[in-house]
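To start, the structure under review is shown below, and the notes come after it.
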Amino acid sequence: MGGERHEPPPEEFEAELDQIAELNRMDAPSPAPRDGRGSRPAAEGVPPGDAVRRRDSLLLSAGHAIGESDSLDEALRLVAGLYAPDFPLDGQCVFGIGDGHLSALAQHGFRPGGMVDQGFRMPMTTEYPAAEVARTGRAVFLASTREYRAAFPATWHMSARKGRNAWAFLPLVTAGRVVGVWLAAFRSPVPFSTSERALLTVTGRMVGQVLERARAGKAELALSRGLRRSMRAAGPAMTGLSVATRYVPTGGGLMVGGDWYDSIDLPSGRLALVIGDVQGHDVHAAGLMAQLRTAVHAYAAEGHGPDAVLARASRFLTTLDEDRFATCLYIEADPSTGNLHIARAGHPHPVLRTPDGTCLIKHISGGLPLGLMPGEEDYPVDTLRLHDGEVLMLCTDGLIENGGHDMYSGWVRVRDAFSPGPVEDLEAMADRLMSAVLSPEPGAREGAARDGDDIALLLVRRDSVKPRAEVDKRRLVLTIGQDQGEGLAEARAELKALLYDWARPDQVDTAVLLATELLGNVLVHTDQDGSLTAYVTGETGRRRLLVEVMDRGDELPHQRTPVELASSGRGLLLLDILADQWGVRPEPEGKTAWFALTEASPPDAADGTAV
């Protein structure tokens, strides 16, 4: 969601190059009467026809190469290819303008240790041709040493005794402003005909574009380095939570793009965890990311809740750029309890890893991406409790889709890297995830692992604050609101993921069916939200699943015998038939319906059939 170059294609100059070629032909001598030997005398100082055609060819080929060059040194080397006996280009220098001075940025054809190496710097007020061009924006052509001495008596000696006898100083213009001067020096006097001046002018424009790109590249590099330094790796955040982070720019060539993460200390010992992705891969996306990140930090420090932080950030992004949007996930964490209050703005869902390595995609209610629809900022807040040894993974979509993967195959790759290994080494876990995503896969083309979006990764682990006995337990907790009917499908998906290695798939289907019935009863027969908690305990092959669904309604359910076409009344009947155990218990506020299943042996094992 690398920098974009806004440069005209070399073809932009083709019309001007053709005009210069035409001027060359106009400057060429007219046919003269043949002498007694059948040949025409060449006019003095005018290039013969073959030389004109050669220069035209060199100009066209060099023009395209210069327009695509990436550095001033390369551009000047290519310009030197325009040398011809009648156009003895012998030395070049590019001067930059800044702080009221000229400074030498690049040179070609001068001896080593010249102006660039010596740190040439000259006040703009100096009576020197390059300084005059910088002040006035008009080119200066000096066809001989005599012209140079007459026009600039105070500084002509700077170029004397260097083997040059003609000079051209041309302005380098960007956005209507002179940003530099190009010096072209010639070994012998040059008359600077109309075609030669046109050639130098067009070449100067090409060099000016290269200078603009070089400066933009330095600015992008400085921005990238500064932003990346600000996203330094996070160690243990505070007692009760540990955090590990990674950032890898893969798609754009910059050291940082539009992705970011942050951890922010909040009042009362709380911690804010943020991950986001600004649309685009260019330096503009990186700049917007820096401003948006600062705004989120400020809103969090003011004490706003997750929903208010995202709503304010969305409005802020709209004031910066109406054409860009950003996704974001914001968590306000309480390390003392493990409670996480989460708001999501179009960002990928987080992933929960339980202590035994099970990975669940946690479906978090969400709103639109930041800045997408001003005035529609509504970000519901979900609550999740992170238990001891559990790890929550936040990432940008580059982690999932890098290397050409889609969301499904990319998720499988991430899950397989996230599941194994000790939870105590969070940094090693982060390294393993990044290695799995960035390492080339068998048969992949070279560089495919880095084809894609930038990657931001944040892992947060709930740490035990006191010694505890090891318990083999998985836990799933979720809440479905009355206006969130789609939450039933998400609950089914998460329960299936919790039971991914259950010995009997038919028991998994039974558990999903019964949980759906209990949640559906809450949504249909009450006006309350439904909360589901599922526990898996015991050793593999003899585990027990306990599912509890709680609501705050006062009316207790009772078992009925539905007629054949009845649309309700089957929930408790199914529990009685399919569950190993079930029940309903009153709570201080509301009630809890529950059921339990004991893991059975696989069908083949039960029949005694060899596997």
Side-chain angles (χ1 to χ4, degrees), residues 1-6 216-217 219-234 245-264 272-300 309-310 312-331 343-350 366-374 379 393-403 405 407 410 434 437-438 449-458:
M1 239 185 191
E4 296 178 359
R5 289 181 175 171
H6 300 284
E220 291 177 1
L221 185 60
L223 172 64
S224 296
R225 286 173 172 167
L227 291 175
R228 194 169 190 188
R229 279 195 301 269
S230 70
M231 288 196 293
R232 56 186 180 278
T245 56
R246 295 291 185 272
Y247 180 86
V248 176
T250 60
L254 294 176
M255 295 181 67
V256 69
D259 297 20
W260 90 94
Y261 61 79
D262 218 342
S263 59
I264 307 166
L273 302 170
V274 191
I275 194 162
D277 183 0
V278 175
Q279 176 196 18
H281 300 276
D282 54 4
V283 69
H284 182 49
L288 287 176
M289 178 273 285
Q291 297 177 78
L292 185 59
R293 182 182 175 214
T294 301
V296 170
H297 199 294
Y299 297 141
V309 169
L310 292 188
R312 284 167 167 77
S314 181
R315 292 192 290 270
F316 176 76
L317 180 58
T318 303
T319 66
L320 297 179
D321 191 325
E322 295 183 353
D323 296 327
R324 300 274 182 134
F325 64 86
T327 64
C328 187
L329 187 74
Y330 181 95
I331 298 178
R344 187 174 67 91
H347 200 79
H349 294 284
L368 295 171
L370 305 179
L372 189 61
M373 291 185 66
Y379 300 103
M393 181 186 78
L394 315 179
C395 69
T396 54
D397 53 8
L399 184 77
I400 306 296
E401 298 177 340
N402 190 271
H405 282 268
M407 289 300 291
M434 300 307 295
V437 171
L438 296 176
R450 288 186 174 268
D451 287 352
D453 204 352
D454 300 339
I455 298 172
L457 169 70
L458 189 152

Closest heavy-atom contact between [X] and [Y]?
X	Y	answer
Leu310	Tyr330	CD2-CB, 4.0 Å
Ala313	Leu292	O-CD1, 3.7 Å
Pro369	Phe325	CB-CD1, 3.8 Å
Arg324	Leu317	O-CD2, 4.0 Å
Gly346	Thr327	O-CG2, 3.3 Å
Leu273	Ser263	CD2-CB, 3.9 Å

Is the shortest heavy-atom distance from the side chain of [X] to the side chain of [Y] under 4.5 Å?
X	Y	answer
Leu457	Val437	no
Trp260	Val274	yes
Ile400	Pro348	no
Tyr379	Leu370	yes
Leu438	Ile455	yes
Asp454	Tyr247	yes

When rounded to the nearest 0.5 angstrom, what distance separates [atom1] in [X] from [atom2] in [Y]?
X	Y	atom1	atom2	value
His405	Leu399	NE2	CG	11.0 Å
Leu372	Gln279	CG	CD	9.0 Å
Met289	Gln291	CE	CD	10.5 Å

Side-chain donor-acceptor contact under 3.5 Å, Thr396 with Asp259: yes
State whether the side chain of His347 and the backbone N or O of Ala326 hold a donor-acceptor pair below 3.5 Å, judged by distance alone. no
